[in-house]
Amino acid sequence: MIKSNENSITTWQLLNILQVCDSAFPIGSFNHSYGMETYLRENVICDAHTFNRWLTMFFENQYLYNEGLAIKLVYEILEKDEINKVWDIDQLLTVQNVAMESREGAKLVAYRKLDVVLELFEVDLLKEYKERIEENISYGNPAVVFAILMYYLNVKRDVAIVAYGYSVASTLVQSAVRAIPLGQKDGQRVLQDSLSTLESIREEIEKLSIEDLGYNIPGFEISQMNHEILTFRLFMS
């Protein structure tokens, strides 16, 4: 396994990050709203301002203590060559996800991401991850897949954390443009605001440990559970 280093990002790394983080990357993530649609149906989210507020809270809470922290932890595990502990992160992320549809959605997106990524890159650990999912030994989480790939590509940890966050923000903004609806300019303004949020939570993630993994605020979990039973909806949780 190639060790991450402190060098600046290269053009080759940047291009690979752009490809994998593109909202058009065919893994089905555009079908998921992370519970945002529940707030939309309840008229809590109704315009650019309220969506921006929700997205900021999402990153400062759910992303910070779940996918964002998971990427940091996977990097630390790989740097110590303690490969089996990667599967512990996979398990913790899954079993601590209260909403059933969110759990299943994460598994599905992770498997699709593995399938596409392995067409592009030769990464033995990702092959093993896919085999473990197929054998029902591991569950699958897209953030874990991404962290392993970025480590293999020798991308710095802090870059990986914000890059994955950007991919989530971009997908959610596109969902909001369609669902609220927002104008494309409003969507880009919200996306721009999320960049500052991602940078600040990256600094917070560096202070956290595995004991913090899975923390969430009840409102997000409840919205994701309620989303499963909405009479009409455009997205999965």
Side-chain angles (χ1 to χ4, degrees), residues 4 6-10 13-25 27 29-30 32-36 39 45 48-76 89 93 97 102 106 109-110 113 141-151 153-177 182 184-210 212-217 219-220 223-224:
S4 62
E6 298 301 319
N7 295 331
S8 299
I9 189 170
T10 66
Q13 290 170 325
L14 175 61
L15 290 172
N16 281 292
I17 292 170
L18 290 174
Q19 180 179 14
V20 176
C21 292
D22 195 307
S23 59
F25 200 67
I27 56 175
S29 58
F30 61 88
H32 300 265
S33 76
Y34 296 86
M36 179 264 289
Y39 290 109
I45 296 175
H49 172 72
T50 50
F51 172 64
N52 195 10
R53 182 183 178 193
W54 174 85
L55 187 61
T56 300
M57 292 183 66
F58 170 83
F59 278 113
E60 290 179 345
N61 292 276
Q62 186 160 323
Y63 183 78
L64 172 64
Y65 294 102
N66 289 272
E67 287 89 348
L69 176 55
I71 292 171
K72 177 204 171 187
L73 295 173
V74 170
Y75 263 72
E76 291 176 343
I89 303 300
L93 285 170
N97 194 340
S102 295
V109 171
K113 178 170 281 191
N141 184 278
V144 176
V145 176
F146 185 82
I148 294 172
L149 176 62
M150 292 297 106
Y151 186 86
L153 294 177
N154 212 20
V155 173
K156 288 174 61 178
R157 184 172 75 193
D158 57 348
V159 174
I161 291 170
V162 296
Y164 187 81
Y166 173 81
S167 71
V168 173
S170 177
T171 300
L172 285 170
V173 165
Q174 289 305 311
S175 297
V177 166
L182 294 182
Q184 290 288 348
K185 290 182 180 180
D186 284 336
Q188 290 303 310
R189 291 190 188 97
V190 173
L191 186 57
Q192 178 66 39
D193 287 344
S194 72
L195 303 184
S196 297
T197 303
L198 285 169
E199 178 59 20
S200 65
I201 68 168
R202 180 196 62 78
E203 296 173 357
E204 289 299 313
I205 286 170
E206 293 300 328
K207 305 173 186 177
L208 304 178
S209 67
I210 193 168
D212 300 297
L213 187 66
Y215 172 81
N216 206 347
I217 55 178
F220 281 107
S223 71
Q224 289 163 2

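Counting from 1, the numbers follow the sequence of the chain as shown.
Between the Tyr166 side chain and the Leu195 main chain, no donor and acceptor come within less than 3.5 Å of each other. Proximity of a side-chain donor or acceptor of Asn61 to a complementary backbone N or O of Met57 within less than 3.5 Å is detected. Using modelled atom types, one side-chain atom of Thr56 and one backbone atom of Asn52 make a donor-acceptor pair closer than 3.5 Å. In this structure, Asp22 contributes its side chain and Gln19 its backbone to no donor-acceptor pair below 3.5 Å. Checked by atom type and distance alone, the side chain of Asp212 never pairs as donor or acceptor with a backbone atom of Leu208 at under 3.5 Å. Looking at Gln13, its side chain does come within 3.5 Å of a backbone N or O of Leu153 through a donor-acceptor pair.
Among all heavy-atom pairs drawn from Ala48 and Leu182, the shortest one is N-CD2, 3.4 Å. Across all non-hydrogen atoms, the minimal contact from Ala163 to Cys21 is O-SG, 3.5 Å. Taking every heavy atom of both residues into account, Tyr75 and Ala160 meet most closely at OH-CB, 3.6 Å. Between Ala70 and Leu93, the shortest heavy-atom distance links the atoms CB-CD1, 3.7 Å.
Ring planes of Phe58 and Trp54: parallel class, angle under 30° (limits at 30 and 60°). Relative orientation of the Tyr65 and Tyr215 rings is perpendicular, given thresholds of 30° and 60° on the angle between their planes. Ring geometry for Tyr39 versus Phe220: interplanar angle over 60°, hence perpendicular rather than tilted (30 to 60°).
Note that CG of Asn16 and CE of Met150 are 7.0 Å apart. Values are rounded to the nearest 0.5 Å. The CG atom of Leu191 sits 11.0 Å away from the CD atom of Gln184 when rounded to the nearest 0.5 Å. Here Met36 contributes atom CE and Ser223 contributes atom OG; the two are 10.5 Å apart, rounded to the nearest 0.5 Å. Here Asn66 contributes atom CG and Asn141 contributes atom CG; the two are 8.5 Å apart, rounded to the nearest 0.5 Å. Expressed to the nearest 0.5 Å, how far CD1 of Ile148 lies from CD1 of Ile71 amounts to 11.0 Å. To the nearest 0.5 Å, the span separating CZ on Phe59 from OG1 on Thr197 amounts to 8.0 Å.
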> Can you list the steps and then say if Asp186 with Val190 is a side chain to side chain contact (heavy atoms under 4.5 Å, CB included)?
Replying inline: CA-CA 6 Å; Asp186 284 336; Val190 173; 5.6 Å; no

>> As a quick check of understanding, evaluate side chain to side chain contact (heavy atoms under 4.5 Å, CB included) for Val168 and Glu67, giving each step before the final call.
In response: CA-CA 10 Å; Val168 173; Glu67 287 89 348; over 6 Å; no

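Residues Tyr63 and Leu69 fail the side-chain proximity criterion, which asks for heavy atoms closer than 4.5 Å. Within the 4.5 Å cutoff, the side chain of Pro142 has heavy atoms near those of the Tyr164 side chain. Looking at Glu76 and Arg157, their side chains come closer than 4.5 Å, going by heavy atoms from C-beta outward. At least one side-chain heavy atom of Ile210 sits less than 4.5 Å from a side-chain heavy atom of Ile89. Looking at heavy atoms from C-beta onward, Ser167 lies out of side-chain contact with Phe146 at the 4.5 angstrom threshold. Contact check for Ile161 versus Glu206: side-chain heavy atoms found under the 4.5 Å cut-off. For the pair Tyr151/Val155, no side-chain contact is recorded, criterion being any heavy-atom separation below 4.5 Å from C-beta on. Between Ile9 and Lys156, the closest side-chain pair of non-hydrogen atoms is not below 4.5 Å.
The only member of Lys72, Glu199, Arg202 that meets side chain to side chain contact (heavy atoms under 4.5 Å, CB included) when paired with Asp158 is Arg202.
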